[in-house]
Enquirer: 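Got a structure for you, written out below as structure tokens; questions coming shortly.
Lettering of chains follows the sequences in order, A, B, ..., and the numbering in each one begins at 1.
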Protein chains: 2
Amino acid sequence: MVSTRALLSSVSMVVPAADPLSPEPPLPGPWLERTFAPGAALLAQGDVPTAVYEIRSGWVLLSSFLPDGRRQVVDFCLPGSIIGLQHPPRGTSEQSAQTLTRVAAAALPVSILGSALLTNPLLAIGLAQRVAAGQERARALLVSLGRRTARERVAHLLLDLFVRVRLRVPACAGEEIPLPLTQEHLADAVGLSPKHVNRMLRLLREHGVVALHGRTLRVLDHDRLLDEAGVAEYPVRLARAG
Amino acid sequence: MVSTRALLSSVSMVVPAADPLSPEPPLPGPWLERTFAPGAALLAQGDVPTAVYEIRSGWVLLSSFLPDGRRQVVDFCLPGSIIGLQHPPRGTSEQSAQTLTRVAAAALPVSILGSALLTNPLLAIGLAQRVAAGQERARALLVSLGRRTARERVAHLLLDLFVRVRLRVPACAGEEIPLPLTQEHLADAVGLSPKHVNRMLRLLREHGVVALHGRTLRVLDHDRLLDEAGVAEYPVRLARAG
DNA sequence: CGGGGGGTTGAGCACGGTCAAGGGTAGTGG
DNA sequence: CCACTACCCTTGACCGTGCTCAACCCCCCG
């Protein structure tokens with residue numbers, strides 16, 4: 001079994017980090033500190049965001065709803081994540097953001113965002129980097145939903161969350177992390193039914209890979225987890241012509 | 001049947017555009033013009049990008065490969081899209097980029113990217129916006145892969161591509177657009193097998209929705225297409241507590 | 001004329017969804 | 001302190017969407 005530290009570096013492809021093993025520094029700019037209770041809505045699908053948030057602590061769930069109520073979780077926002085930066089700039093949001101825990105966030109009203117960006121190049125650069133990180137997470141999840149089996153999907157998501165929490169949440173060490181999610185949240189993230197997620201969790205537990213009890217995730221065997229998640233040395237198959 | 005112009009505005013949620021009905025202006029900065037033949041590789045998975053590209057004309061396919069060869073297309077890059085902006089900044093790419101047509105692109109070597117960003121705030125802001133647009137596309141695709149049926153997925157992708165080409169490629173008008181893709185490309189984008197994509201295309205054709213012949217896509221009935229894609233007025237179901 | 005890449009179609013199967021029922025636990029109020 | 005309740009987790013049996021395998025066709029290009 002590899003060590004947690006070795007795991008963190010070996011799977012950097014899963015969670016690209018600007019500065020591995022340390023939280024990202026806050027972005028410069030005239031931010032306002034705010035806090036939210038668990039279950040609070042930072043943003044609703046269809047609304048025009050009034051502020052951009054940088055998460056400082058806690059978990060935020062980003063999800064999209066179809067007209068008939070089907071939900072897809074598109075991101076788990078941890079400290080360092082940016083919420084509310086739209087395209088087009090003053091357009092409506094395609095996602096809802098709700099807190100899963102108590103959350104501390106820095107807010108930048110969109111009314112002053114433009115001038116802040118122009119006067120503070122480091123803010124613009126930092127935002128571009130953070131959004132690029134979010135795009136990377138979305139694309140990694142796309143690979144799972146499109147081309148991995150159910151079992152690989154939940155293994156990969158748990159590995160991803162484990163690594164991200166260990167990187168982003170300072171107080172976390174050891175093989176256990178808190179995971180403030182229900183199985184329904186997980187199901188809506190990996191595109192499965194809650195029942196089937198439950199089955200896959202049981203398999204992973206019975207095979208001694210990971211155990212998810214209460215609201216804590218315990219990694220039992222890092223090697224097995226990497227294997228189950230389908231993370232390996234680089235796929236050297238290059239892009240084919242055509 | 002709604003008009004194409006009405007379609008373009010009614011589905012702005014599918015393809016967020018900074019300035020609907022007109023191509024995005026080139027970003028400022030010391031860009032170098034380059035061209036690529038069809039099938040060229042701009043970037044290979046696992047490599048460290050040497051330049052950031054802004055696509056000026058043509059199609060570029062962005063895809064990720066699993067170790068066993070499974071492929072997932074994560075973006076179709078059209079004029080205005082940014083390629084090669086990584087997170088972390090000097091890290092390896094998780095995707096391969098290959099051209100599908102002859103492509104004109106503007107290149108900015110990463111060696112001068114940092115100074116260009118610092119001296120040109122509009123470049124940094126523009127990059128952040130373009131990356132945000134790419135993130136939005138990735139998240140929209142996530143919703144399809146996670147929560148739509150096979151038929152909805154291909155209808156939604158065809159609608160999305162139709163609208164994006166009409167917005168981004170100036171020479172395109174009418175109900176037909178060129179689509180330089182094989183059914184295998186479509187399959188790798190929507191997470192289905194090529195055979196099943198073929199079946200769904202047949203259904204959509206038989207129902208008079210869209211027809212894909214040769215390398216051109218023809219929209220037969222815009223209303224039906226919106227309906228099949230599961231695009232509707234806003235899902236007013238708000239985020240639930242917890 | 002031959003070859004190859006892509007498109008088309010059908011038959012059978014399996015992965016994952018649906019339906020149904022039960023159990024554990026934490027919070028709440030009597 | 002002890003129901004009561006609501007939420008979440010768990011498990012099993014059955015079913016359907018979408019995958020696999022196999023064959024054939026068509027068109028373009030050599």
Side-chain angles (χ1 to χ4, degrees), chain A residues 37-39 61 66 68-72 98 100 144-158 178-206 210-218 228 230 240-242, chain B residues 38-39 61 66 68-72 98 100 144-158 178-207 210-218 228 230 240-242:
Chain A
L61 192 71
L66 293 182
D68 61 3
R70 285 175 282 182
R71 173 170 74 168
Q72 176 63 42
Q98 67 171 313
L100 292 171
S144 270
L145 298 208
R147 289 304 181 214
R148 279 196 248 257
T149 67
R151 190 164 165 175
E152 292 170 330
R153 286 187 217 179
V154 342
H156 189 271
L157 177 60
L158 294 180
L179 214 62
L181 305 170
T182 68
Q183 294 183 357
E184 191 178 0
H185 289 139
L186 294 174
D188 284 336
V190 293
L192 297 170
S193 72
K195 313 302 175 74
H196 205 60
V197 167
N198 185 289
R199 276 187 277 258
M200 297 302 105
L201 287 175
R202 172 166 39 132
L203 284 182
L204 292 174
R205 189 189 334 126
E206 288 173 356
V210 292
L212 185 54
H213 280 133
R215 294 286 153 96
T216 80
L217 169 70
R218 179 178 186 81
E228 294 272 2
R240 302 164 301 189
Chain B
L61 192 72
L66 292 183
D68 61 3
R70 284 175 282 182
R71 174 170 75 168
Q72 176 64 42
Q98 66 171 314
L100 292 170
S144 270
L145 298 208
R147 290 303 182 215
R148 280 196 248 256
T149 66
R151 190 164 166 174
E152 292 170 329
R153 287 187 215 178
V154 341
H156 189 271
L157 177 59
L158 294 180
L179 214 62
L181 305 170
T182 68
Q183 293 183 358
E184 190 179 0
H185 289 138
L186 294 174
D188 283 336
V190 294
L192 296 171
S193 72
K195 313 304 174 75
H196 206 59
V197 166
N198 184 289
R199 274 185 277 261
M200 297 301 106
L201 287 175
R202 171 162 44 130
L203 284 182
L204 292 174
R205 189 190 333 128
E206 288 171 356
H207 287 234
V210 292
L212 184 54
H213 280 133
R215 294 286 154 97
T216 81
L217 169 69
R218 179 177 186 81
E228 295 272 1
R240 303 164 299 189

Enquirer: Salt bridge between A/R148 and A/E228, side-chain N to carboxylate O under 4.0 Å?
Expert: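 Salt bridge between A/R148 and A/E228, a charged N being under 4.0 Å from a carboxylate O: no.
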Enquirer: Report the distance from atom NZ of B/K195 to atom C1' of D/dT17, rounded to the nearest whole Å.
Expert: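 Taking NZ of B/K195 and C1' of D/dT17, I get 17 Å after rounding.
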Enquirer: Output the rounded distance in Å from CD (B/Q183) to P (D/dG18).
Expert: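 Going from CD in B/Q183 over to P in D/dG18 covers 17 Å.
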Enquirer: Nearest-Å distance, CG (B/D188) to P (C/dG6)?
Expert: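 For the pair B/D188 CG and C/dG6 P, the rounded distance is 12 Å.
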Enquirer: Are the charged groups of B/R147 and A/D188 less than 4.0 angstrom apart, N to O?
Expert: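 Answer for the salt bridge query: yes.
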Enquirer: So which nucleotide from D/dT10, D/dC19, D/dC8 ends up closest to the side chain of A/T182?
Expert: D/dC8
Enquirer: Compare the minimum distances between each of D/dG18, D/dT11, C/dG6 and the side chain of B/T149, then state the nucleotide with the smallest one.
Expert: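 Taking heavy atoms from C-beta onward, the closest nucleotide is D/dG18.
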Enquirer: Does a donor on one side chain and an acceptor on the other come within less than 3.5 Å for A/H213 and A/R218?
Expert: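 Their side chains do not contain a donor-acceptor pair, so the 3.5 Å distance test is not met.
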Enquirer: Any heavy-atom pair between the side chains of B/R151 and B/H207 that's under 4.5 Å?
Expert: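 B/H207 vs B/R151: side chains touch.
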Enquirer: Checking the side chain of A/Q72 only, and the main-chain atoms of A/A189 only, is there a donor and an acceptor separated by less than 3.5 Å?
Expert: yes
Enquirer: In terms of the nearest nucleotide of DNA chain D, which residue is placed more toward the 5' end: A/R147 or A/R199?
Expert: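 Per heavy-atom nearest nucleotide, the more 5' residue is A/R199.
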Enquirer: Output the rounded distance in Å from CG (A/L186) to C1' (D/dC8).
Expert: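 One finds 13 Å between C1' of D/dC8 and CG of A/L186, rounded.
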Enquirer: Compare the minimum distances between each of D/dT11, D/dC19, C/dT9 and the side chain of B/H196, then state the nucleotide with the smallest one.
Expert: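 Nearest nucleotide to the side chain: D/dC19.
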Enquirer: Return the value, rounded to whole Å, for the distance between atom CG of B/N198 and atom C1' of C/dG6.
Expert: 10 Å
Enquirer: Over all strands shown, is B/G191 touching base, sugar-phosphate only, or nothing at heavy-atom distances under 4.0 angstrom?
Expert: sugar-phosphate
Enquirer: Among D/dT11, C/dT18, D/dA22, which is the nearest nucleotide to the side chain of A/R202?
Expert: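 Selected nucleotide (nearest to the side chain): D/dT11.
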Enquirer: Side chain of A/A150 only, please: which of C/dC19, C/dG6, C/dG16 is the nearest?
Expert: C/dG16
Enquirer: Figure out the CG/C1' separation between B/L192 and C/dG7, and round it to whole Å.
Expert: 17 Å
Enquirer: Could you give the CE-to-P distance, from B/M200 to C/dG7, as a whole number of Å?
Expert: 16 Å
Enquirer: Can you check the A/R153 CZ to C/dC15 C1' distance for me, whole Å?
Expert: 10 Å
